[in-house]
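Just so it is clear, the values below take in all heavy atoms, side chains as well, and ignore hydrogens, waters and symmetry mates. All values derive from a computational prediction rather than experimental measurement. Quick note on labels: first sequence line is chain A, next is B, and so on, each numbered from 1.
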Amino acid sequence: MRAEFYDFKSVEAKWRKIWEENKAFQTPSPASGKKYYCLVMFPYPSGKIHMGHARNYCIGDVLARYKTMKGFKVLHPLGWDAFGLPAENAAIQNKISPRDWTEKNILDMREDIKSLGISYDWDREIATCRPDYYKWNQWFFIKMFEKGLAYRKKSSVNWCASCQTVLANEQVHDGKCWRCGSVVAQKELEQWFYKITDYAERLLDGLKLLEGKWPDEVIAMQRNWIGKSEGAQVHFKTESGQDIVVFTTRPDTLFGATFLVLSPEHPLAKELLTADHKAAGEKYIAAARAKSREERLAVEKGKTGVFTGSYALNPVNGAKVPVWIADYVLSDYGTGAIMAVPAHDQRDFEFALKFKIEIIPVIAPENPAQFVPHDRAFEETGVMVNSGEFNHMSSDEAKAQITKKLEKTGQAKSQVTYRLRDWLLSRQRFWGTPIPMVYCAKCGLQPVKESDLPVLLPIDAPLTGKGESPLAQMPEFVNTKCPKCSGPAKRETDTMDTFVDSSWYFLRYLDPKNEKAAFDPAAANSWMPVDQYIGGIEHACMHLIYSRFFHKVIKDLGMASCEEPFDNLLTQGMVTLGGAAMSKSKGNAVPVEDMVERLGADTARIFVLFASPPKNQLEWSEDGVQGSFRFLNRIWRMSRTLANAPAGAAEPKASQALQKKAHQTIKKVDEDIQRGFQFNTAISALMELLNSLSDYPAQGDAVSKEAFRALVLLLFPFAPHISSEIWDEMGFAPKPLSSAEFPAYDEKLVQETVVEIVIQVAGKLRAKVTLPAGDAKDEKKVIAAAQKALSERGIAVESKYKFVPGRLVNFIVTQVEANKS
RNA sequence: GCCCUCGUGGCGGAAUGGCAGACGCGCUGGACUUAGGAUCCAGUAGGGAAACCUGUAGAGGUUCAAAUCCUCUCGAGGGCACCA
């Protein structure tokens, strides 16, 4: 005999078709009622989707469907982050155009996602590689150019030899390319930047608004990345009159500054070399420049450096201090020069030790008994010593006082420094948004006129992957007219970082077909901010910083009103198989297509939602998937049983208990979804209700059908196909299920009528008594019952106790042996 | 070194400061049977014959009561890092 399973294939196909025909997921107008914008990070169309991606969409879908049932006007869109290097690489390999490759993948993946029954409003689908989208990337670029937020600069930049393009700082992880993992080199190039550093403070401030709504982890990562330091700029004059400006967070240690260090790239580094030190100094500078960033930053190699022969004067006491050059000082942080305080900074200490420079302690510990090590720097705060008029002051106080004193003579000023660097956005690749700028010999750098946008990406370009912008090889693209003088001019041939595309796509969903503007600000005002954003944590310091920046610029352009674009963030864990993140390239991906074919979309959905809370990593388990399939089959069989059973009646006790369980389940599922996306426990509550129904003696009576109705209704956001089918077959109302509201529960029915009171003695469980709910709150009755129960077990207790109404009683004092004999 | 998150059965994981281990997986035994990757029933933290005892990484503390709060230690994962 073959086992009977429910026919998920035809059920799922049937309901997908019905939803599609009825446009069941069309976005309602947000004007009337509470809105809910549910957003998942949109995918890169790389091929087929696997369960790792799918988990993301399932989580979002539960929320979207739940909020719809709760009466919210829900926006739940999806699109394609469709520009990027993989398309170009695939094109080179397979002799297919990046556009065709990408569009084909979109087609396949859209089908995969639809097969999961995710409630997306496909009318709002966008793809960033299409001109109607990237036109607005260009428009924003010009706006930012006009505001001075897009600029060109020659500097040392990250270069990935494998991807043959430059990278932004955020895209270098551990010295390696975020995409391909190759070691990143430094190159001196002129490139386009977005001035994200202008927004450093606002990006930091905004994080305060997100506390408690974004994971602490992500907030901490962004804070670290922005890296704010408060301190002072201090001016040191050299003997020959040059001004060396240093940045320090410890102005209180100024009296202990016994030398200065310039980075090898510092503009004064060569100038300050005296005749005696010229040769050695220039050799050192050249050697430092030749080193890779990795080599330079390697701490293990120890400190190296060279004396310039010059001296500067410490502004606080006129002491003559030597000026050194060393590569442990970074050229692109602070001022590229430091005052070195070997007594109170470990790096300076090591340097001073090696080059035999004077070490003067200027901070003593607050508590004189505290041990001060002599083999390393004392980096804590304390009491000022060897610091003239500031002696005996606390170092914290001196920080402010010394800065204040020097400020009067213009020798210092308070200064805030950030670690964040400007966003390098140009790329030497083809499959991206052309940067809408023109170089005219006469008029210089000119933005393309808005009326001439978009600057179209040509259909085909000679793709070699050899590291020159492919667009530069196309004279028909390059040669153009100057927007200002109409003379011959040349176009910019670099394209934009694809992170530009994803920095504002959530706004385009609001008004995806607008040809006059990126979006209507009115739409932004009614839908923004995104109420719930869902995606992977790997974007904490890339996409999630860029898009926050972009949104603030957009707000400043008057096109949006909220400060932060994403009100709540959920970072879902990875799906792993054999401990490694699922991926096509690792060969451990479970394709959605296979799952849907083999066990159905609902089973796949239930498994990823039940096996683990969304934040956790989720290890794929075939056994677990089978368990989810089993659960759905049990529900299916229950629907048959209930439909076919003769209507009878159970004894009131049993039916009341079942009714209670149903109401408790409604409450629990409702709370679990709202309270931190506890989909796993919500589903386990549904399993419990099903278990209760299985044990119920009068299956088929009104109470059991009502309980089952609630079960199907609650199951709908998680497994929409099977619940829709059962709903129909059982003749439940209203129809269709997708129009039903989330069930309400009766608080009276949720409350237990009898309560088990826990009886503790000195905090340990000793007995339990079951009492009617009313009695369980009555102190006298509970104590009497408790003492009786204890004495039956041979335990006598003194009268001191702690009573928690309806819950427990804890006898506090000594347990006395009763007359056991 | 700094910052963040987290340590609970064989596994995934449950527990408004109030019965630790819900629910599921796996496993063990049984039932049914045209042997099946179906379904149903019972059991499943450790120790003990049992009453009981011990258990949430470890050590302290707060509390009538701690997996949960506080301090320290150890361990895991992640981010930043010669950032002055």
Side-chain angles (χ1 to χ4, degrees), chain A residues 1-5 173-174 215-229 231 246-250 253 257 261 263 296-303 326-330 332-341 344-348 350-351 379 417-420 537-538 540-541 606-607 610-613 615-619 621-631 633-634 637 668 671 675 678 680-688 690-691 694 756-768 793-794 800-804 806-813:
Chain A
M1 193 177 73
R2 264 209 66 84
E4 258 188 68
F5 298 122
H173 298 165
D174 240 357
D216 292 345
E217 205 180 356
V218 175
I219 291 178
M221 281 165 81
Q222 292 209 355
R223 281 220 173 94
N224 280 345
W225 189 258
I226 295 166
K228 181 177 181 173
S229 292
V246 303
F247 172 69
T248 177
T249 55
R250 293 292 301 271
T253 64
V261 189
S263 70
R296 290 235 341 223
L297 297 188
V299 182
E300 316 84 60
K301 72 176 166 57
K303 299 276 179 292
D327 69 0
Y328 80 92
V329 174
L330 307 174
D332 57 355
Y333 181 78
T335 59
I338 62 158
M339 63 177 218
V341 185
H344 303 292
D345 181 286
Q346 185 59 25
R347 297 154 303 184
D348 300 344
E350 286 165 21
F351 193 86
E379 294 186 321
T417 299
Y418 302 92
R419 219 185 55 91
L420 185 72
I537 197 164
E538 66 273 17
C541 289
I606 291 289
F607 174 70
F610 174 67
S612 192
K615 281 178 210 151
N616 291 20
Q617 209 182 80
L618 167 61
E619 171 72 12
S621 142
E622 182 57 28
D623 283 334
V625 175
Q626 290 293 340
S628 299
F629 185 57
R630 219 150 36 216
F631 168 58
N633 272 294
R634 284 185 68 207
R637 286 199 305 275
K668 169 128 181 82
E671 285 176 354
R675 180 178 8 110
Q678 298 186 47
N680 54 329
T681 50
I683 293 172
S684 75
L686 297 181
M687 291 172 170
E688 284 185 50
L690 180 63
N691 291 344
S694 299
E756 198 170 52
I757 297 287
V758 170
I759 301 164
Q760 298 179 330
V761 177
K764 293 202 171 179
L765 177 71
R766 280 295 174 270
K768 292 175 187 178
R793 311 190 57 199
K800 201 173 169 193
Y801 58 83
K802 171 79 181 181
F803 173 60
V804 183
R807 208 180 273 276
L808 62 67
V809 55
N810 185 13
F811 290 94
I812 292 162
V813 273

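The interatomic distance linking A:Leu420 (CG) with B:C80 (C1') rounds to 13 Å, in whole Å. B:G12 atom P lies 10 Å from atom CD of A:Glu619, rounded to whole Å. The separation between A:Leu618 atom CG and B:G12 atom C1' is 9 Å, rounded to whole Å. A:Met339 has its CE atom 9 Å from the C1' atom of B:A84, to the nearest Å. Rounded to an integer number of Å, the gap from NE2 of A:His173 to P of B:G78 is 14 Å. Taking atom CD1 of A:Ile683 as the reference point, atom P of B:A22 lies 18 Å away to the nearest angstrom. As rounded to whole Å, 9 Å separates atom C1' of B:A84 from atom CG of A:Leu330. Here the C1' atom of nucleotide B:G13 and the CD atom of A:Gln617 are 14 Å apart, to the nearest Å.
Nearest-nucleotide positions on RNA chain B for A:Glu350 and A:Cys541 put A:Cys541 closer to the 5' end. Residue A:Ser694 is the one, among A:Thr248 and A:Ser694, whose nearest nucleotide of RNA chain B lies closer to the 5' end (criterion: closest heavy atom).
Here A:Tyr328 pairs with A:Phe351 under the ring-ring contact (aromatic ring centres under 6.0 Å, His included) rule; sequence neighbours left out. Under the rule for a ring-ring contact (aromatic ring centres under 6.0 Å, His included), A:Phe610 has no partner lying at least two apart in sequence or in another chain. For A:Glu671, there are no side-chain hydrogen bond (donor to acceptor under 3.5 Å, both in side chains) partners, not counting sequence neighbours. Legend: residues meeting side-chain hydrogen bond (donor to acceptor under 3.5 Å, both in side chains) with A:Asp332, ordered by chain and number and at least two apart, are A:Arg421. Judged as a side chain to side chain contact (heavy atoms under 4.5 Å, CB included), and not counting sequence neighbours, the contacts of A:Asn691 are A:Arg634. Taking the side-chain hydrogen bond (donor to acceptor under 3.5 Å, both in side chains) definition, one finds that A:Glu379 meets it with nothing, sequence neighbours left out.
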At a cut-off of 3.5 Å, list every protein nitrogen or oxygen paired with a nitrogen or oxygen from nucleotides 24-26 of chain B, distance to 0.1 Å.
from  : atom 1 : to       : atom 2 : distance (Å)
B:G24 : OP1    : A:Asn691 : ND2    : 3.4
B:C25 : OP1    : A:Arg630 : NE     : 3.2
B:C25 : OP1    : A:Arg630 : NH2    : 2.6
B:G26 : OP2    : A:Arg630 : NH2    : 3.2

Report all interatomic pairs (protein N or O, nucleotide N or O of nucleotides 62-68 of chain B) with separations under 3.5 Å.
from  : atom 1 : to       : atom 2 : distance (Å)
B:C64 : O2'    : A:Asn810 : ND2    : 3.0
B:C64 : O2     : A:Asn810 : ND2    : 2.9

Can you tabulate the close N/O pairs, meaning under 3.5 Å, that link protein atoms to atoms of nucleotides 4-7 of chain B?
from : atom 1 : to       : atom 2 : distance (Å)
B:C4 : O2'    : A:Glu217 : N      : 3.4
B:U5 : OP1    : A:Asp216 : OD2    : 2.9

Taking only N/O atoms, report every protein-nucleotides 15-17 of chain B pair under 3.5 Å with atom names and distance.
from  : atom 1 : to       : atom 2 : distance (Å)
B:A15 : OP1    : A:Gln678 : OE1    : 3.0
B:U16 : O4     : A:Arg807 : NE     : 3.2
B:U16 : O4     : A:Arg807 : NH2    : 2.4

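Using a distance-only test at 3.5 Å, with no hydrogens or angles considered, a donor-acceptor pair links the side chain of A:Asn810 to the main chain of A:Gly763. Side-chain atoms of A:Asp345 never come within 3.5 Å of backbone atoms of A:Val341 as a donor-acceptor pair (strictly under, hydrogens ignored). Formation of a donor-acceptor pair under 3.5 Å by the A:Gln222 side chain with backbone atoms of A:Ala540 is found in this model.
The side chain of A:Arg223 contributes no N or O atom lying less than 4.0 Å from OP1 or OP2 of B:C2. Between A:Tyr333 and B:A84 there is a side-chain N or O to OP1 or OP2 distance below 4.0 Å.
In this structure, CD1 on A:Ile338 lies 4.5 Å from CG on A:Asp348, to the nearest 0.5 angstrom. Taking CZ of A:Phe629 as the start and CD1 of A:Ile606 as the end, the distance is 12.5 Å to the nearest 0.5 Å. From A:Ile812, atom CD1 reaches atom NZ of A:Lys802 across 8.0 Å, with rounding to the nearest 0.5 Å.
Backbone-only engagement by A:Pro613 is indicated by non-hydrogen atom pairs under 4.0 Å involving sugar-phosphate atoms exclusively. As judged by a 4.0 angstrom heavy-atom cut-off over every strand, A:Asn616 is placed among residues touching the sugar-phosphate backbone only. At the heavy-atom level, A:Gln346 lies nowhere under 4.0 Å from the strands shown.
Pairs of Watson-Crick or G-U wobble type, with distances under 3.5 Å, assemble into runs of 3 or more in RNA chain B at these ranges: B:1-7 with B:74-80, B:10-12 with B:23-25, B:26-31 with B:39-44, B:45-47 with B:52-54, B:57-61 with B:69-73.
In the displayed structure, A:Lys615 atom NZ is contacted under 6.0 Å by at most 12 heavy atoms of other residues, nucleotides or ligands.
Residues A:Phe5 and A:Asn633 come closest through the heavy atom pair CA-OD1, 3.4 Å. Across all non-hydrogen atoms, the minimal contact from A:Tyr333 to A:Ser229 is OH-OG, 3.3 Å.
Comparing the same atom, C1', in B:A59 and in B:A45 gives a spacing of 23 Å after rounding to whole Å. The gap from the P atom of B:G12 to that of B:G77 amounts to 16 Å, rounded to the nearest Å. Taking atom P in both B:A15 and B:C6, the straight-line distance is 14 Å, to the nearest Å.
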- Message: Output one letter per nucleotide in nucleotides 51-56 of chain B: B when a protein non-hydrogen atom lies under 4.0 Å from the base, S when only the sugar-phosphate is that close, - when neither is.
- Response: -SSS--
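For A:Asn224, the side-chain atoms get nearest to B:G79 when compared with the rest of B:G13, B:A84, B:G79. Looking at the side chain of A:Arg419, the nearest of the listed nucleotides B:A81, B:C19, B:A84 is B:A81. For A:Ser684, counting side-chain heavy atoms from C-beta on, the closest listed nucleotide (B:A84, B:C23, B:C19) is B:C23.
A syn orientation is assigned to B:G9, its glycosidic angle lying within 90° of 0.
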